[in-house]
Every structure is written in C-alpha cells, then in structure tokens.
Amino acid sequence: MLRTISGFDRIGEENAFAVLARATALAAQGKDIINLGIGQPDFKTPGHIVEAAIKALRDGHHGYTPATGLLATREAVVRRTLTTTGVEVSPENVMIVPGGKVTMFAAILIFGEPGAEILYPDPGFPIYRSMIEFTGATPVPVPIREENGFAFSAEETLALITPRTRLLILNSPANPTGGVTPKAEIEKLVKGLEAHPHVAIMSDEIYDVMTYDGEEHCSLLTFPSIRDRLIVLNGWSKTWAMTGWRMGWSIWPDSLYDKVRKLAVNCWSCVNAPSQYAGIAAIDGPQDDVEKMCRAFDSRRRIVVDGLNSLPGISCATPKGAFYAFPNIKQTGWPAKQLAAALLDEAGVALIGGPDFGILGEGYIRLSYANSEENILRAIERIERFLAR
C-alpha cells in the first residue's frame, strides 16, 4: 500500500471550485444556473493587456524568465506600489508569482511546522487554514465579527499571540465578508505588534482598489516599524479581471526574500513571459476599465444589499470592499451549507455556505456580486421564492 505524508490527510480545499463544478454539471444537464459563488470578475481582461501578451509572443518571448520575475515586471509593481501606497520599495524585494495563492503557500510553508502557531482570519479565505494544517502548525482563528463591521479587532488579535506564534495573516478588504478594517484599528494593531518582534505578518491586499462609501484601503506597507517582517500579497487577478492569467506579486523583507526565491526554483520555476508583459501593460496602461469595473461592483453591491434585506429571515450588512456580501441567514432556520446546497439544486442559484470559510461562518452565506445586475436580481427572486415555500 502506498504511504503518503500525514499532511495530505489534513489539507483542505476551496469549496468555491467544488460549487463551480456542481453548477457547471447542472448547467450541462440543461438547468439554468446563476453563479454567485465564484470570486471572479465577470468582465473580460482589458484589450490593451491582451494585446501586450500577443505582442510578447510574436516578439519571441517564449523562454524561461528569472525565478523572481522579469526585472521590468518587478519595476512595474514598484511603480504601482508607490502610486497606491506612497511607499517606495525595491524591485529586489518583489516576487512575481503564478497567482495570489502562491504567496500564501510560500509564507505559511516558511513559518509552519508542528509546535508553531499561525493566526488567520475566521471567516476567511479557506486556503489559509488548509495550508496551516498541511504544515502541521496549529491554526489559531482571529474572529471576524459582524458586530464589528467584519473588521478585525486589534485587541482581540493581539490577545491571541503567544511565544509560539510565528505568523499573523491579515486580509482587508476581506473575502468572504467584504469587511474593511479602519486605519485606526490597523494602527492600534501595528503598535501592539511592536511588542512581538518574533511574529511575521502576511497582509493579503488583493482587493486593495475595491472599497466603497468613502472607505480607503490602508496598506501595512505604510508602517515602517514592521517592514522587516512584513509580506504583502497582491496581484492582477481581481483588479484587472485576469484570474486565468495566474499572475500575482508579493513584497518580501530582505530576510525572507531568498527563501521564497528558492521555493520558486524548486517548485514553479518562473511565471510565463507573455503574462508578465501583459502585467506590465495592466499597471502602466489606462485604468479606465478598472474604474468602470469598480463602479459596476458598487452599483451591484447596493442591489444585493437591498434585495437580501428584503428577504424573510435574511439580514445583510453593507460590504465596504471587495465584491462579496456575507448575509446573515440564521433566522431562516437553515444550516448555511444545507441552504447553499438546496439553493443550487432546487433554485438554480450557486452560493457558498459560510462554514466553508471557517468556524464562525455558520449562519452566513457568501454571495459574489461579480455578476450582472440582471442575474443578481433574478437570483434574489429565486431565493425569495425558495424561502417562501
């Protein structure tokens, strides 16, 4: 009998892909499915980005690139970081990676081992906990509470740190809740972290441009006191509708950069060259499509919140960022995953049950408004009919 390592018995997955597969199978059987489950912009990648990749192919950029990414791509990230945060970083601290998850994988692999503790948001992106458990480290959930506007609490987070804590994972704007943590709370957390120099921080800022109602994203890069142990995760997938291009970047402190470079050499070698040229065009080219997409998400967000709050047994806090709503469904009497499954099978609406995002996700479902207003309205009508039965 083959014997694999015990880590694979602990590893989880992202259930959004399982729901997508189920929705696709139902659609193939002729059922009309409205997919509000997957976290993927429904817009096409802007044309000038596509053309940049085509040009790179025609120009013969078909070979390996450096494991850390093309210098020109890393320099584009430096320019973009300065524009969005006011912070100047070195291209020698930038890694170009095949998607956002790779930064999570690398950071958790670098710090996770039996006996270590890693703090992560709950509810939060499911791969955080999955990878922590894979390494054998102890996952310690940081509660993300509706009554706190789905922001993390600095006081509650700091209270969870022990001498065994190796890594703290943060995410704002957040998946799955749409929460945005205010700058004042982040400042309080950073001040507290100064007393815990043994704790590294990974800040997942993939939704940094998607904030609403006057909220502003506060990057952890703007705090010099933690820069020597800060990893910032970002990428092209959400901002420029490039999920399938598998293009991410991360910014690493000097002490960790060579470690992640070695992981790249041993695992993914490099990111394909044409996508990197597309990434440069995305950053340096016109941002009209990005602005248009964010305006559309804002409009859809209002429709989603109004529609969900009109449904029996459902209340929905207004998301301040990203493109997700995380409505409270406790008054319906349904367990969250059962409700999500029934809505898909019986109403033709694909959603994700809150427990797929953590222990504190029970009583909630995640709805992605990265879909058209027409489909969102149709989905809410179907949910209303289902709940009225």
Side-chain angles (χ1 to χ4, degrees), residues 12-45 99-101 123-127 173-178 206-207 210 237-246 292-294 296-308 310-311 314 316 319 321-327 329 332 334-357 361 364-387:
E13 59 182 304
E14 185 182 354
N15 199 45
F17 285 96
V19 171
L20 176 62
R22 173 66 177 156
T24 302
L26 289 170
Q29 297 169 16
K31 188 161 186 176
D32 180 31
I33 302 295
I34 302 171
N35 195 340
L36 304 182
I38 197 73
Q40 172 170 258
D42 60 320
F43 298 91
K44 298 292 186 185
T45 302
K101 283 180 182 173
F125 189 57
I127 302 306
N175 175 13
T177 62
I206 195 76
Y207 298 99
M210 297 174 188
S237 292
K238 314 298 184 179
T239 301
W240 292 279
M242 294 175 68
T243 53
W245 294 74
R246 308 316 303 136
K292 178 181 176 181
M293 186 166 62
C294 288
F297 288 146
D298 189 12
S299 176
R300 297 169 185 183
R301 176 182 70 109
R302 298 170 191 275
I303 292 170
V304 163
V305 171
D306 289 346
L308 289 172
S310 72
L311 300 180
I314 294 180
C316 183
F323 44 63
Y324 307 106
F326 204 59
I329 53 94
T332 68
W334 280 83
K337 285 178 69 70
Q338 289 183 28
L339 178 59
L343 286 170
L344 176 55
D345 289 337
E346 300 178 39
V349 179
L351 305 165
I352 312 294
D356 285 325
F357 301 99
Y364 298 86
I365 55 176
R366 189 190 78 173
L367 182 153
S368 167
Y369 46 89
N371 207 319
S372 70
E373 293 185 5
E374 178 187 359
N375 282 339
I376 289 169
L377 288 168
R378 290 172 59 222
I380 290 171
E381 288 175 2
R382 292 183 183 189
I383 297 169
E384 182 175 28
R385 288 198 299 270
F386 176 87
L387 293 174

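Heads up: numbering here begins at 1 and tracks the sequence. Below, all heavy atoms of this structure are taken into account, side chains as well, without hydrogens, waters or symmetry copies.
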Q | Minimum side-chain heavy-atom gap Leu387-Ile314 below 4.5 Å | A | yes
Q. Does the Lys238 side chain pair with the main chain of Phe323, one donor and one acceptor, at a distance under 3.5 Å?
A. no
Q.
What's the separation between atom CZ in Arg385 and atom CD1 in Ile380, rounded to the nearest 0.5 Å?
A. 12.0 Å
Q: Evaluate the criterion side-chain contact (heavy atoms from CB on, under 4.5 Å) for residue pair Asp298 and Arg301; output intermediate values, then yes/no.
A: CA-CA 5 Å; Asp298 189 12; Arg301 176 182 70 109; 2.8 Å; yes
Q: If the plane angle is over 60° it's perpendicular, under 30° parallel, otherwise tilted; pick one for Trp334 and Phe386.
A: tilted
Q: Report yes if the side chains of Leu26 and Gln29 come closer than 4.5 Å at any heavy-atom pair, otherwise no.
A: yes
Q | Closest non-hydrogen atom pair, Ala336 against Pro355 | A | CB-CD, 3.6 Å
Q. So, Ser368 side chain and Gly37 main chain: donor-acceptor pair closer than 3.5 Å or not?
A. no
Q) How far does OH of Tyr364 sit from OG1 of Thr177, to the nearest 0.5 angstrom? A) 10.0 Å
Q. Which pair of heavy atoms, one from Asp42 and one from Ala370, lies closest together, and at what distance?
A. CB-O, 3.4 Å
(Q) How long is the straight-line distance from CD1 of Ile383 back to OG1 of Thr332, given to the nearest 0.5 Å? (A) 11.0 Å
Q: Taking only Lys NZ, Arg NE, NH1 and NH2, and the carboxylate oxygens of Asp or Glu, determine whether Lys31 and Asp345 approach each other closer than 4.0 Å.
A: no
Q. Does any N or O in the side chain of Ser299 come within less than 3.5 Å of the main-chain N or O of Ala296, such that one atom is a donor and the other an acceptor?
A. no
(Q) Strictly distance-based, threshold 3.5 Å: is any side-chain N or O of Asn371 a donor or acceptor partner for the main-chain N or O of Asn35? (A) yes
Q: Determine the minimum heavy-atom distance between Gly353 and Ala340, stating which atoms define it.
A: N-CB, 3.7 Å
Q: Working to the nearest 0.5 Å, report the span between CZ of Arg300 and CD1 of Ile376.
A: 5.5 Å
Q: Measure across Val349 and Leu36 and return the closest heavy-atom pair with its distance rounded to 0.1 Å.
A: CG1-CD1, 4.5 Å
**Q.** Rounded distance (nearest 0.5 Å) linking atom CZ of Arg366 with atom CG of Asp356
**A.** 9.5 Å
Q | Over all atoms of both residues, closest heavy-atom pair of Ala325 and Tyr369 | A | N-CE2, 3.9 Å
Q: Measure the spacing between CD1 of Ile34 and CG of Leu351 and express it to the nearest 0.5 Å.
A: 10.0 Å
**Q.** Test log, rule ring-ring contact (aromatic ring centres under 6.0 Å, His included), inputs Tyr324 and Phe357
**A.** CA-CA 13 Å; Tyr324 307 106; Phe357 301 99; 7.9 Å; no
Q) Between Pro173 and Met210, which heavy-atom pair has the shortest distance, and what is it? A) CG-O, 3.9 Å
